Amino acid sequence: IDNFHELKLAKWIVNSCATMGMKKPTPIQKACIPAVLNGRDVIGSALTGSGKTAAFALPILHRLSENPYGIFALVLTPTRELAFQIAEQFQALGAPLPVRDCVVVGGLDLMKQSIELDRLPHVVIATPGRLAGLLNRPRPPKLSKLKFLVPDEADRLFEKRFSKDLSFIFSKLPTTRQTLLFSATMSYNVRQSKDLAVNEPFVWTNEGGETTVKKLVEEYLFMPMSVKPTYLYKVLDKVGPRKQPSGSPNAQEDDEELIK
């Protein structure tokens, strides 16, 4: 498979990928997108920076365009930062539709998020604690027609601190859905999660055991918490914008990982 057209995605999605400089699917995309389009549940161990967000976003957008309604897909992620990154990917890839997304995380106005969910966005990207809180309210989000559940960064999501909220959320979801589970590592918790009741999933695992692709540059710097914003500004000013190779599938994702 040399291009997104061969994955049998809708033409508008192929054009959207080309606009973003995504000309050739990555290994995780080649393996998982056809399985999702065929109605399979998926468990994938994807390297950081390998294009795993597009591996679930593209087939979800393909199915959404055939029958657009909300709430169509729920993406669960362990951190607010990841939630906003995923939302940006859906917005960019789904711009021609256009896709309506809603980010549901702590630290933002609860009432405004509840109102946004009442408007039935196509895709909800949420952290477990805040979504569980909204589901406990007198007027919980309407998830009865949900078609896709995506636990992203599942190795972190299935840590004990999230278990109570996740169990509650899963109990509120329809059983007739596709579950697309992605993780940087194929941990024991990922393989043994019984709450998801994944039925004969398609499993894809990266070879070699690495958790990041070789083209990523990972650095860290110890600093006092009180001057963290100042240090960050100076580091970003020194690094400057990064130039991506022609056709880089995840230029934005790479930059975000560098900042992290």
Side-chain angles (χ1 to χ4, degrees), residues 1-69 72-75 77 85-101 122-123 125 146-154 177-184 186 198-208 210 212-216 244-254:
I1 297 176
D2 294 322
N3 56 61
F4 286 95
H5 176 73
E6 294 182 46
L7 292 175
K8 298 182 179 181
L9 291 165
K11 184 177 180 180
W12 72 267
I13 294 180
V14 177
N15 293 338
S16 183
C17 290
T19 300
M20 294 183 64
M22 298 167 57
K23 298 179 181 179
K24 186 176 181 179
T26 63
I28 184 70
Q29 294 163 3
K30 290 180 184 180
C32 292
I33 289 176
V36 178
L37 293 178
N38 287 331
R40 298 282 302 276
D41 290 341
V42 170
I43 297 178
S45 173
L47 303 176
T48 300
S50 64
K52 67 180 179 59
T53 301
F56 62 76
L58 292 175
I60 287 175
L61 291 170
H62 176 97
R63 291 294 183 218
L64 176 63
S65 65
E66 296 175 339
N67 185 18
Y69 67 85
F72 190 80
L74 169 63
V75 182
T77 184
Q85 289 177 26
I86 293 168
E88 288 173 358
Q89 291 288 312
F90 270 103
Q91 292 164 11
L93 294 168
L97 196 54
V99 64
R100 301 193 312 273
D101 69 276
H122 297 125
V123 180
I125 305 100
L146 187 81
K147 292 298 182 184
F148 288 96
L149 168 66
V150 185
D152 191 31
E153 299 295 338
R177 65 172 192 262
Q178 278 182 258
T179 300
L180 315 178
L181 189 153
F182 287 91
S183 172
M186 194 63 69
V198 178
N199 183 30
E200 297 184 4
F202 171 82
V203 179
W204 187 90
T205 305
N206 61 275
E207 298 179 356
E210 300 92 346
T212 59
V213 293
K214 293 180 180 179
K215 61 187 176 69
L216 288 184
Q244 296 294 329
S246 176
S248 175
N250 289 283
Q252 181 183 2
E253 192 173 1
D254 291 353

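For reference, positions follow the sequence shown, starting with 1. These numbers come from a predicted model, not from an experiment.
Screening residues 26-59 for ring pair (Phe, Tyr, Trp, His ring centres under 6.0 Å), with sequence neighbours left out, gives F56-F182.
Residues satisfying the side-chain hydrogen bond (donor to acceptor under 3.5 Å, both in side chains) test with T77, not counting sequence neighbours, are none. For the salt bridge (Lys or Arg N to Asp or Glu O under 4.0 Å) test, no residue two or more places apart in sequence or in another chain qualifies with R40. Contacts of F148 classified as ring pair (Phe, Tyr, Trp, His ring centres under 6.0 Å), with partners at least two apart in sequence or in another chain: F72. Residues forming a side-chain contact (heavy atoms from CB on, under 4.5 Å) with A10 (at least two apart in sequence, or on another chain): W12, I13, H62. For N3, the side-chain contact (heavy atoms from CB on, under 4.5 Å) test picks out H5, E6, with sequence neighbours left out. F90 is linked by a ring pair (Phe, Tyr, Trp, His ring centres under 6.0 Å) to nothing, counting only residues two or more places apart in sequence or in another chain. The side-chain contact (heavy atoms from CB on, under 4.5 Å) check on P59 picks up I33, V36, L37, with sequence neighbours excluded.
Residues I28 and W204 form a side-chain contact, since some pair of their non-hydrogen atoms from C-beta on lies under 4.5 Å apart. Here the side chains of N67 and K147 are not in contact, with every heavy-atom distance at 4.5 Å or above. Within the 4.5 Å cutoff, the side chain of I60 has heavy atoms near those of the V150 side chain. With contacts defined as side-chain heavy-atom distances shorter than 4.5 Å, the pair K24/D2 qualifies.
To the nearest 0.5 angstrom, L9 atom CG is 9.5 Å from L61 atom CG. One distance of note links CD1 of I86 with CD of E153; it measures 7.5 Å at 0.5 Å rounding.
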Apply side-chain contact (heavy atoms from CB on, under 4.5 Å) to M22 and L93, showing your working. CA-CA 10 Å; M22 298 167 57; L93 294 168; 4.1 Å; yes
One pair to check against side-chain contact (heavy atoms from CB on, under 4.5 Å): K11 and N15. What are the steps and the verdict? CA-CA 6 Å; K11 184 177 180 180; N15 293 338; 3.9 Å; yes
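In plain terms, the two heavy atoms of P151 and T179 that are nearest each other are CD-CG2, 4.2 Å. Nearest heavy-atom pair across S16 and A92 is OG-O, 3.6 Å. Between T26 and S50, the closest heavy-atom pair is OG1-O, 2.8 Å. The two residues H122 and L64 come nearest to each other via the heavy atoms CB-CD2, 3.6 Å. When all heavy atoms of L146 and R177 are compared, the pair lying nearest together is O-CB, 4.0 Å. Residue S45 comes nearest to A184 through the heavy atom pair OG-O, 3.5 Å, listed as atom of the first residue, atom of the second, then distance.
Around NZ of K30, the count of heavy atoms belonging to other residues, nucleotides or ligands within 6.0 Å exceeds 12.
Using modelled atom types, no side-chain atom of Q89 and backbone atom of A57 make a donor-acceptor pair closer than 3.5 Å.
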